[in-house]
Amino acid sequence: MTLKNWCAVLAISAGAVTSAMAQSSLAPSPNAKQDAPRLVEVMSMAQLQHLKLWYAGKAKNWDLAAYELRQLTNSLAEAAIFYPSIPISNVTTMKEPLLSVADAIAAGDDRKFAVSMRGLTDGCNACHSSMGRGFIAIGVPNGGQPPANQIFSPSGNGRKK
Ligand code: HEC
């Protein structure tokens with residue numbers, strides 16, 4: 001295919017994507033329109049919190065894990081509040097897995113933590129699939145590099161302990 005043809009194909013598919021998104025009615029609630037973060041901003045934050053939560057738990061830094069879990073829970077709540085077109089049942093089904101991660105953190109149980117994190121991640125993907133976003137597939141990190149600018153071990157900042 002020539003470069004010119006390729007550009008034409010790209011332009012057409014970009015147009016199709018835009019109209020598909022326009023039809024998806026993922027508009028912020030009218031009350032919140034002015035200040036609402038874009039849903040992808042809330043979700044990108046959730047992605048980072050989910051990642052940090054995993055590494056904190058893996059490092060058995062339960063204080064940090066509890067903190068990240070709270071942030072993540074807030075992000076999901078924010079998504080539901082600002083974007084009422086997200087089916088509420090998709091949000092409420094996250095409650096059980098979130099509680100299960102909280103239990104594992106409270107117990108300092110790393111095996112339970114790993115299992116509950118997989119359950120939570122299934123919840124992320126279930127909502128994405130049901131909203132025509134099945135291509136956004138979340139997993140628990142599999143040996144990858146964590147955000148390299150944060151120290152995850154409990155004594156990370158050298159001041160604690
Ligand atoms: C209740 C529904 C729901 C849940 C639960 C949910 N998401 Fe999302 N997520 C969405 C929707 C809808 C979009 C697409 C937003 C758009 O296209 O404007 C999205 C998009 C995303 C994106 C794409 C953002 C980007 O710009 O790349 C990421 C990453 C993401 N979600 C992560 C997560 C993670 C991690 C979890 C679980 C901790 C999660 N989501 C749970 C509904 C959900």
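For the numbers below, each heavy atom of this structure counts, side chains included, while hydrogens, waters and symmetry mates do not. The structure displayed is predicted, hence computed values, not measured ones. Counting from 1, the numbers follow the sequence of the chain as shown. Each ligand, and each atom within it, is numbered from 1 in the order the structure gives.
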State the atoms of ligand 1, each with its element, that fall below the 4.0 Å cut-off from a heavy-atom position in L76.
41 (C)
Residues in ring pair (Phe, Tyr, Trp, His ring centres under 6.0 Å) contact with W54, at least two apart in sequence or another chain:
none
Side chain, backbone, both or neither: which part of L72 has a heavy atom under 4.0 Å from ligand 1?
side chain
Considering only heavy atoms of S44, which atoms of ligand 1 have at least one such atom less than 4.0 Å away?
24 (C), 25 (C), 26 (O)
Apply the test side-chain contact (heavy atoms from CB on, under 4.5 Å) to residues L76 and L98: give CA-CA distance (whole Å), side-chain angles for both, the deciding distance (0.1 Å), then the verdict.
CA-CA 11 Å; L76 294 175; L98 286 167; 4.3 Å; yes
One residue to check: M94. Relative to ligand 1, which of side chain, backbone, both or neither has a non-hydrogen atom less than 4.0 Å away?
side chain
All heavy atoms of P87 vs all of M131, minimum pair found to be CD-SD, 3.8 Å
Going by the angle between their ring planes, with limits at 30° and 60°, are F113 and W62 parallel, tilted or perpendicular?
perpendicular
Using a strict 4.0 Å cut-off to heavy atoms of N90, name the atoms of ligand 1 that fall inside it.
1 (C)
Any atoms of ligand 1 less than 4.0 Å from a non-hydrogen atom of Q47? List them with their elements.
29 (C), 35 (C)
Which is closest to atom 33 (C) of ligand 1 by heavy-atom distance: H50, R133, H128?
H128
Selection residues 107-123 - residue pairs positive for side-chain hydrogen bond (donor to acceptor under 3.5 Å, both in side chains), sequence neighbours left out
H50-T121, K60-D110
Which atoms of ligand 1 are found less than 4.0 Å from any heavy atom of C127?
1 (C), 2 (C), 3 (C), 4 (C), 5 (C), 42 (C), 43 (C)
What atoms in ligand 1 come closer than 4.0 Å to a heavy atom of V91?
1 (C)
Could you go through F152 and K52, starting from their C-alpha distance and side-chain angles, then the distance that decides it, and tell me whether this counts as side-chain contact (heavy atoms from CB on, under 4.5 Å)?
CA-CA 8 Å; F152 286 89; K52 290 186 175 192; 4.1 Å; yes
Here the atoms of ligand 1 under 4.0 Å from any heavy atom belonging to I86 are 1 (C), 2 (C)
Does the side chain of N125 reach to within under 4.5 Å of the side chain of I136, using non-hydrogen atoms?
no
